[in-house]
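For this chain, numbers begin at 1 and follow the sequence in order. Since the model is a prediction, treat every value here as computed from it, not as a measurement.
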Amino acid sequence: MQKLWGGRFAKQTDSSTEDFTASVQFDYRLASYDIQGSIAHARMLKKCEILTEREESLIIEGLNSIHQDIQTNNFSFDPQLEDVHMNIEHALIQRIGEVGKKLHTARSRNDQITLDMRLYLRQELKQIITFTSSFQSAILSIAERNIEIIMPGHTHLQHAEPVLFAHHIMAYFWMFERDRQRFTDCLERINILPLGACALAGTSLPISREYTANLLDFSRITENSIDTVSDRDYILEFLSAASICMMHLSRLSEELILWSTHEYRWVDIDEAFCTGSSIMPQKKNPDICELTRGKTGRVYGNLFSLLTLMKSLPLSYNRDMQEDKEPLFDTVDTLKQCLSIYSRLITSLKINAERMRLSIIGDSSWATEMANYLVRKGIPFRDAHHISGRVVAANLDISAFTLKELKRFSELFEDDIFDVTKPEYGINQKNSSGGTSSEQVKKQIKEARNLFEASCR
Ligand code: ARG
């Protein structure tokens, strides 16, 4: 087959070279963006009088008919034509003849590929932002529905102080809020038109990049043609934002796996989101959580592939950069899949309030409130901490003491110490902004709802 770039070659390309260099087996996913970009390019060429009106409309009709065939699975991509760009351009020339050869005027695959990637990622990212919002919405609802449930809060995975479950789960809302902000921020640097950089140096033909930018809804054009074809920062930014988001999903997964063990029994993951064992009849495994935790590794891997791929590349375009696609596509697919299944899993999650409450009994997580009690009676915190520590050393369970026994540790203890050390008391006393009192948690949920509804509008 005569290559579109075949002029300077006397020999046929070896079939192993074709196999080795082809990318169409994965970059076919960019086809509709490639066509969208080409249509805008053709319109710009006409506007700048590089194409006639007739040429423009023939090219656009041709591209539209190719698009239609791709959509209806009536188009076959040929690896001998290397990549998505050549497949479409070749088909265009076959369909509309000589005039099809004019489309690639003032364009290179180097600016074309980064245009396609920007269009693809812009579209996908909008969806990812929507998925993140839905997931946040599921978290908000579960917090609202379980507002009074008490659980032991942990540090070092040891019981620390009692907190409201809604407070704990809302921590995830804010983590995913930062993710959503990072994704939105990424969009800004994705939404810049690279086309017109051509191979690396721009073009001597009278094009208008601003016109193309306008047609494709980009907010502006890139400033430096060499940077434009060398740059994959916008993909790296997305991959790192995606990695952070997956890390958040993975931490939540870890907690749900733990909380659904027989030892905890704090939550019940709906059967619809669990799988069984081929040998042990009783099993109901949290596979979605485990797989999400596992997939986090591959998303990190994708980020590291691209960082490593880019680190030694001289400017400007290098073919190495073709290797950016699979890590990006895989990350987009994985993240979308995890976010959307997690929204459903969280919505159907059952919380076992009884078990959470039970696990606080006799756990000495009242100790900080005991120290604060003494502080309110004028004891310096360090001394109060020491006294409370001595009480804990004598017995972890506050109900084991009489007032008389407690008075041996400090004369300042009165009968009300037994109320003060109840989990409910400690929780409702923690009324500092952002704290775990039910007033503060309700306020936080309300703020989250307002902020969230305003940003989704
Ligand atoms: N398939 C290539 C890529 O993904 C497109 C650009 C090819 N440019 C070139 N000069 N060979 O990066």
- Message: Between T132 and D179, is there a side-chain donor-acceptor contact under 3.5 Å, judged purely by atom types and distance?
- Response: no

- Query: For E271, does the CD atom sit with more than 12 other heavy atoms under 6.0 Å from it, leaving out its own atoms?
  - Reply: no

- Task: Provide the full list of ring pair (Phe, Tyr, Trp, His ring centres under 6.0 Å) pairs with a residue in residues 60-79, sequence neighbours left out, each pair given once.
- Result: F75-F77

- Give the ring-plane orientation class for H159 versus H154, where under 30° counts as parallel, over 60° as perpendicular and anything between as tilted. perpendicular

- Query: Would you call K325 and D27 a salt bridge, taking side-chain N to carboxylate O under 4.0 Å as the test?
  - Reply: no

- May I ask you to check whether over 12 heavy atoms, not counting those of Q68, lie within 6.0 Å of atom CD? no

- Message: Per the side-chain hydrogen bond (donor to acceptor under 3.5 Å, both in side chains) rule, what does the pair list look like for residues 35-46, sequence neighbours excluded?
- Response: S38-R107

- Would you check if there is a donor-acceptor pair between the side chains of E290 and N285 at a distance under 3.5 Å? no

- When the ring centroid of H248 is compared with that of Y172, is the distance short of 6.0 Å? no

- Counting heavy atoms not belonging to E354, are there more than 12 under 6.0 Å from its CD? no

- Within 6.0 angstrom of R319 CZ, more than 12 heavy atoms from elsewhere: yes

- Query: When you check the gap from the basic side-chain N to the acidic O, do K336 and E124 get nearer than 4.0 Å?
  - Reply: yes

- Does NZ in K284 sit with more than 12 non-hydrogen atoms of other residues, nucleotides or ligands closer than 6.0 Å? yes

- Task: Determine, using ring centers only, whether F26 and F329 are less than 6.0 Å apart.
- Result: no

- Quick one: list whatever passes side chain to side chain donor-acceptor pair (under 3.5 Å) with R8, sequence neighbours left out. none

- Task: Could you verify whether a donor N or O on one side chain and an acceptor N or O on the other, from N191 and R122, lie under 3.5 Å apart?
- Result: yes

- Sort and list the pairs that fulfil ring pair (Phe, Tyr, Trp, His ring centres under 6.0 Å) and have at least one residue in residues 182-241, not counting sequence neighbours. none

- Note on the structure: So the ring pair (Phe, Tyr, Trp, His ring centres under 6.0 Å) pairs with at least one residue in residues 277-317 (sequence neighbours excluded) are none

- Using a 4.5 Å cut-off on heavy atoms from C-beta on, say whether the side chain of S250 contacts that of T292. no

- Task: Check whether more than 12 heavy atoms from other residues, nucleotides or ligands sit under 6.0 Å from atom NZ of K47, and answer yes or no.
- Result: no

- Item | side chain to side chain donor-acceptor pair (under 3.5 Å) between T436 and H167, worked out | CA-CA 6 Å; T436 204; H167 189 199; 2.7 Å; yes

- Of all residues at least two apart in sequence or in a different chain, which pass the side chain to side chain donor-acceptor pair (under 3.5 Å) check with E424? R357

- Query: Would you find more than 12 non-hydrogen atoms of other residues, nucleotides or ligands less than 6.0 Å from R182 atom CZ?
  - Reply: yes

- Query: More than 12 non-hydrogen atoms from neighbouring residues, nucleotides or ligands closer than 6.0 Å to CZ on R251, yes or no?
  - Reply: no

- Message: Contact between I221 and E210 at the side-chain level, heavy atoms closer than 4.5 Å - yes or no?
- Response: yes

